[in-house]
Participant: 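I'd like to ask you about the structure that follows.
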2 protein chains.
Amino acid sequence: MAISFTEENYLKVIHRLSEATTEDISTNAVAELMQTKAASVTDMLRKLAEKGWVNYQKYQGVRLSAEGEKIALSIVRKHRLWEVFLVDKMGFNWDEVHEIAEQLEHIESDQLVNKLDEYLGFPKTDPHGDPIPNKEGILPELAYSHLSDIKTAKTCKLMGVAQDSAVFLQLLTKLNLSLGAKLDIQEVNEFDRSIFVSINDAAPIFISHEVAKNILVKV
Amino acid sequence: MAISFTEENYLKVIHRLSEATTEDISTNAVAELMQTKAASVTDMLRKLAEKGWVNYQKYQGVRLSAEGEKIALSIVRKHRLWEVFLVDKMGFNWDEVHEIAEQLEHIESDQLVNKLDEYLGFPKTDPHGDPIPNKEGILPELAYSHLSDIKTAKTCKLMGVAQDSAVFLQLLTKLNLSLGAKLDIQEVNEFDRSIFVSINDAAPIFISHEVAKNILVKV
DNA sequence: AATAATTTTTAGATTAACCTAAAAAATAAA
DNA sequence: TTTATTTTTTAGGTTAATCTAAAAATTATT
Ligand SMILES: [Mn+2]
Ligand SMILES: [Mn+2]
Ligand SMILES: [Mn+2]
Ligand SMILES: [Mn+2]
């Protein structure tokens, strides 16, 4: 069955919201991420349900069907593989690739995706540390902690980010924080929950709680 | 000003038709290439004229404006660069890339296009021998002859094809005809205008007039 | 020059994706 | 357990891109 860019984006958003919870996804939550109005979402959910890609009963929220999940994962796979391509082959920085990948993820050609995967050396994660679903649509579960949840005196390693926005990623770059960075937590301040941390054995600096929430680490 | 995929495709088609003639382009000619109805074309031409991308007066046909020409060439540039990428880097055959490039040509990022160009080594032509417009939108004019117009006993070199269709390109591949092939014309038959030709010094074979019309050569 | 054939445009509908405003249902608070 | 608040859906419209059928303009043919 034919699928539009818009439908693909809805499925992707529902998938993203479903990763954070086992509950049904609300119309408003979808509306916010899709940057549209709840009324438009209701229309679309009815259509997606008719196509068999979501389970939806009015007022009850929505979940992806098995088929919808498969489609969503194939788009995530394409998005992340293209991001690797843009950084590794085209020389973009990690804060420049998300918008372009938002376009490239809709290119339709299984052959191309698999050739691209091979060309890139079958990467396991994208430039932001997010796992790349394989050909069969299996997404390895990488269970990382948020830096904001780590206790004083611990050492950990930066494994990913919880946000793709350019301003956030550029800030990390300024702080000399990139994937693989070693973090030694000196102190967590009670007042503002800011973290005093040494990055790659350099002199420690302060990182706000807001930033720490969006940094994923392995202890 | 924002532009849709559909508008881009119309500009591309008008550009393609303009290459073959200096006359104004007819509504029907656009309709045929766009695989749509004349009534739809009329609507779109009015819209493109309002946006300043074409000059159009009803019943008088259409031409690209300078700005429209620039947009059309930027799409052609992307299409052909992506085709080079697909063949040179992804390992596709020349008959497999057109459809995918039809999608990729709409990806919007000047930065990406120019990085891709550099990554590919600033290619001058695409896998079908068509010239690639440069960053400034200048399209080198490659003046080749159609094989069907060449006289007996001439030797020439295959420089391009006048058609992107998979069936045609696959046939050429079967005939051992690829870019750069050396052609020695033994005889042009009066009856069906078929050509008896030796390809890369092999034993001569027959090529139909229909095929010869779509082969571009340098004498 | 008049008539016939062809091409192009207009008129009126349809579909996908969106919107605002109002109604209905679900949830929270008194 | 009513009442108030919030969430979600419905009703009715808009815009872009398409369509068919009919009208108008252009071009070709007697
Ligand atoms: Mn991204
Ligand atoms: Mn990413
Ligand atoms: Mn092509
Ligand atoms: Mn080509």
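Here is the naming used below: chain letters follow the sequence lines, and residue numbers restart at 1 for every chain.
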Participant: How many Å lie between CG on Asn28(B) and P on dT7(C), as a whole number?
Facilitator: 6 Å
Participant: Taking only side-chain nitrogens and oxygens of Arg46(B), does any of them come within less than 4.0 Å of OP1 or OP2 of dT10(C)?
Facilitator: yes
Participant: For Ser208(A) and Glu210(A), which I'm curious about, is there any donor-acceptor pair between the side chains at under 3.5 Å?
Facilitator: no
Participant: Can you confirm if the NZ or CZ of Lys89(A) lies within 45° of the ring axis of Tyr119(B) and under 6.0 Å from the centre of its six-membered ring?
Facilitator: no
Participant: Can you check whether Thr27(A) has a side-chain N or O nearer than 4.0 Å to OP1 or OP2 of dT9(D)?
Facilitator: yes
Participant: Mind checking the CD1-CZ spacing from Ile100(B) to Phe85(B)? Nearest 0.5 Å is all I need.
Facilitator: 10.0 Å
Participant: Measure centre to centre between the rings of Phe5(B) and Tyr10(B), then say whether the value is under 6.0 Å.
Facilitator: no
Participant: Atom NE2 in His209(B), atom CG in Leu147(B): separation rounded to 0.5 Å?
Facilitator: 10.0 Å
Participant: Provide, to the nearest angstrom, the distance between the CE atom belonging to Met44(A) and the P atom belonging to dT15(C).
Facilitator: 16 Å
Participant: For Glu105(A), which of Lys78(A), Lys12(A), Arg80(A) qualifies under side-chain hydrogen bond (donor to acceptor under 3.5 Å, both in side chains)?
Facilitator: Lys12(A)
Participant: Tell me what Thr42(A) touches on the nucleic acid: a base, only sugar-phosphate, or nothing, going by heavy atoms under 4.0 Å.
Facilitator: base
Participant: Between P on dT18(D) and CG on Leu45(B), what's the gap in Å once rounded to a whole number?
Facilitator: 12 Å
Participant: Could you list the residues that satisfy ring pair (Phe, Tyr, Trp, His ring centres under 6.0 Å) with His98(A), not counting sequence neighbours?
Facilitator: His79(A)
Participant: What distance separates Trp82(A) CH2 from Leu104(A) CG, expressed to the nearest 0.5 Å?
Facilitator: 5.5 Å
Participant: Calculate, to the nearest 0.5 Å, the distance between atoms CZ and CG belonging to Arg63(A) and Asp24(A) respectively.
Facilitator: 5.0 Å
Participant: Under 3.5 Å, side chain of Asn189(B) to main-chain N/O of Arg193(B), donor-acceptor pair present?
Facilitator: no
Participant: Both distances under 3.5 Å, Watson-Crick or G-U wobble: on that basis, could you give the dot-bracket string for DNA chain D, with [ ] for crossing pairs and | for other-strand partners?
Facilitator: ||||||||||||||||||||||||||||||
Participant: Taking only heavy atoms on the protein side, list every residue of residues 3-21 of chain B lying under 4.0 Å from any atom of DNA chain D, sorted numerically.
Facilitator: Ser4(B), Thr6(B), Tyr10(B)
Participant: For residues 25-37 of chain A, pull every pair meeting side-chain hydrogen bond (donor to acceptor under 3.5 Å, both in side chains), keeping only residues two or more places apart or in separate chains.
Facilitator: none
Participant: Calculate the interatomic distance between Asp24(A) atom CG and dA26(C) atom P; express it in whole Å.
Facilitator: 14 Å
Participant: Hey, is Glu7(A) close enough to Lys51(A) for a salt bridge, meaning N to O under 4.0 Å?
Facilitator: yes
Participant: Should Ser40(B) be listed as having a side-chain N or O under 4.0 Å from OP1 or OP2 of dT18(D)?
Facilitator: no
Participant: Between Ser178(A) and Trp94(A), is a side-chain hydrogen bond (donor to acceptor under 3.5 Å, both in side chains) present by the stated rule, with each step listed?
Facilitator: CA-CA 9 Å; Ser178(A) 55; Trp94(A) 70 341; over 6 Å; no
Participant: Does anything in residues 52-65 of chain B reach DNA chain D, meaning a heavy atom under 4.0 Å, and if so which residues?
Facilitator: Tyr59(B)
Participant: Rounded to whole Å, please give me the gap between CG in Asp43(B) and P in dA11(C).
Facilitator: 11 Å
Participant: Can you pull out the residues from residues 29-39 of chain A that lie within a 4.0 Å heavy-atom distance of DNA chain D?
Facilitator: Ala38(A), Ala39(A)
Participant: Within the 3.5 Å criterion, strictly below it, is a donor on Asn214(B) or His146(B) matched to an acceptor on the partner's side chain?
Facilitator: no
